[in-house]
Amino acid sequence: MSKKLLVIGEVRDNVLRNVTFEAIAAAKKIDADGEVVGVLCGDSELNDQAQEMIHYGADRVVIVKHDNLKSYTSEGYGQAVLAVVNDESPDGIIMGHTAAGKDLTPKLASKLESGLISDATDIETNGDKVVFTRPIYSGKAFEKKVVTGGLTFTTIRPNNIPALEHDETRSGDVTEKEVDVTDIRTVIKDVIRKASEGVDLSEANVIIAGGRGVKSVEGFKPLYELAEALGGAVGASRGACDAEYCDYALQIGQTGKVVTPDLYIAVGISGAIQHLAGMSNSKVIVAINKDPEANIFNVADYGIVGDLFEVVPMLTEEIKKL
Ligand code: FAD
């Protein structure tokens, strides 16, 4: 029997995050013939975003609109999504392994006494079994999990499951569900961003990450120039954040963001195990370090031994010529 799968979309600054489209593709991997129902929460008209979800493969979309859903809160989104889950009785619920996904899915899974597979990087089917791959031990190994039955929540790691092709000829129903989200203890009035605008680090295809070797706030400038030339985002090691060269929002690693871009350029980063935990599954890793013995070279596909203050501007110049 084909499955009904809910995909919880995430909107930031009125734009759907890419991981939403990847979650739709994940739902199709679970059951190619199943029904994919998108869910969107917010305080404004989300019709364009709903259409976008349909163009990326959702069969229909349910919108929950309420003033208290302007920004993500555990309680607000929890109540909204729970109401949709109760209406739809899905077989599975999929969301990005984002800050919101990591918060919402375990909360609802425990409430509904259902299963949870978090941080899936791949999904395959084997007969009628669905097999989820997920990293363990900070990305040093992968385990495969099989769901044996019942409602299951899944979060998927951004940048691992390719989205389906955008197809504007796809159509589907968009409906609104009223949920009274007034009985909540926290409402976010305003969001003040400290980190610089630009490409979202957790979804970036290219990341230039700086470490303590960058030496100052000023030293990060050439990294931003390289990131701009490559259309990427800037990240950092905790060493660089602790030294106040950049904001903690840029930290990558065990206690920072976990990223899997197509290209990760580590600049002046030694390659401590806690840093590797956040980036070692990147598709191509380039390390720039003046110490040929630096541990980062053990995970790098390409290594450049040299002074970053010479190498990075040279790289930017060459890339700009392309
Ligand atoms: P360093 O180790 O000081 O390395 C600097 C590198 O720059 C060196 O390899 C040096 O050769 C190179 N360098 C210097 N000058 C130049 C130059 N001019 N040109 C080229 N190369 C140069 N760290 C994280 O990153 N993320 C985490 O999430 C994280 N979580 C942690 C959690 C715990 C519980 C603990 C205990 C630690 C955690 N850490 C984390 C810290 C981690 O252990 C390291 O201390 C940190 O990653 C080091 O940062 P770094 O590589 O930038 O600095």
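Order of listing sets the numbers, starting from 1, for every ligand and every atom in it. Here the structure is a predicted model, which means the values were calculated and not measured.
Taking atom 35 (C) of ligand 1 as the reference point, the nearest protein heavy-atom neighbour is Gln274 NE2, 3.7 Å. Atom 18 (N) of ligand 1 has as its closest protein heavy atom Asp307 OD1, 3.0 Å. When only non-hydrogen protein atoms are considered, atom 51 (O) of ligand 1 lies nearest to Ser270 N, 2.8 Å. What sits closest to atom 13 (N) of ligand 1 on the protein, heavy atoms only, is Gly213 CA, 3.7 Å. The protein heavy-atom contact nearest to atom 50 (P) of ligand 1 is Ser237 OG, 3.5 Å. In this structure, atom 45 (O) of ligand 1 lies nearest to the protein heavy atom Arg212 NH2, 4.1 Å. Ranking the protein heavy atoms by distance from atom 46 (C) of ligand 1 puts Gly239 N, 4.0 Å first.
With hydrogens and angles left out, the side-chain atoms of Thr133 and Lys144 include a donor and acceptor closer than 3.5 Å. Remark: the Glu35 side chain and the Ser2 side chain contain no N/O donor-acceptor pair separated by less than 3.5 Å. Counted by atom type alone, Thr260 and Asn160 present one or more donor-acceptor pairs between their side chains at under 3.5 Å. With no hydrogens or angles considered, no side-chain donor-acceptor pair links Tyr77 and Asp103 at under 3.5 Å. Between Asp200 and Ser202, the side chains place a donor N or O and an acceptor N or O closer than 3.5 Å (distance only, hydrogens not considered).
Below 30°, between 30° and 60°, or above 60°: for Phe21 and Tyr56 the angle between ring planes is below 30°, a parallel geometry.
Between Asp33 and Lys3, no side-chain nitrogen of the basic residue sits less than 4.0 Å from a carboxylate oxygen of the acidic one, so the salt-bridge criterion is not met. Here Glu88 pairs with Lys4 in a salt bridge; the nearest charged N to carboxylate O distance falls below 4.0 Å.
At least one heavy atom of Gly306 sits closer than 4.0 Å to an atom of ligand 1. In this structure, Ile252 counts as a contact residue of ligand 1, since one of its heavy atoms falls inside 4.0 Å of the ligand.
Every atom of ligand 1 is numbered from 1 in the order shown, and the set under 4.0 Å from a heavy atom of Phe309 is 18 (N). Residue contact check: Thr255 has heavy atoms under 4.0 Å from atoms 27 (C), 28 (O), 29 (C), 30 (N), 31 (C), 32 (C) of ligand 1.
The residue from Gly268, Pro292, Gly211 that puts a heavy atom closest to atom 5 (C) of ligand 1 is Gly268. For atom 32 (C) of ligand 1, the candidate residues are Gln251, Glu310, Arg238; the nearest heavy-atom contact is made by Arg238. Of the candidates Asn289, Val312, Leu276, it is Asn289 that places a heavy atom closest to atom 11 (O) of ligand 1.
Annotation for Glu165: atom CD does not count as buried by contact number, only 12 or fewer foreign heavy atoms lying within 6.0 Å.
By the criterion of a heavy-atom distance under 4.0 Å, the side chain of Ala272, and not its backbone, is placed next to ligand 1.
By the 3.5 Å distance cut-off applied to N or O atoms, Ile288 is not counted among the residues near ligand 1.
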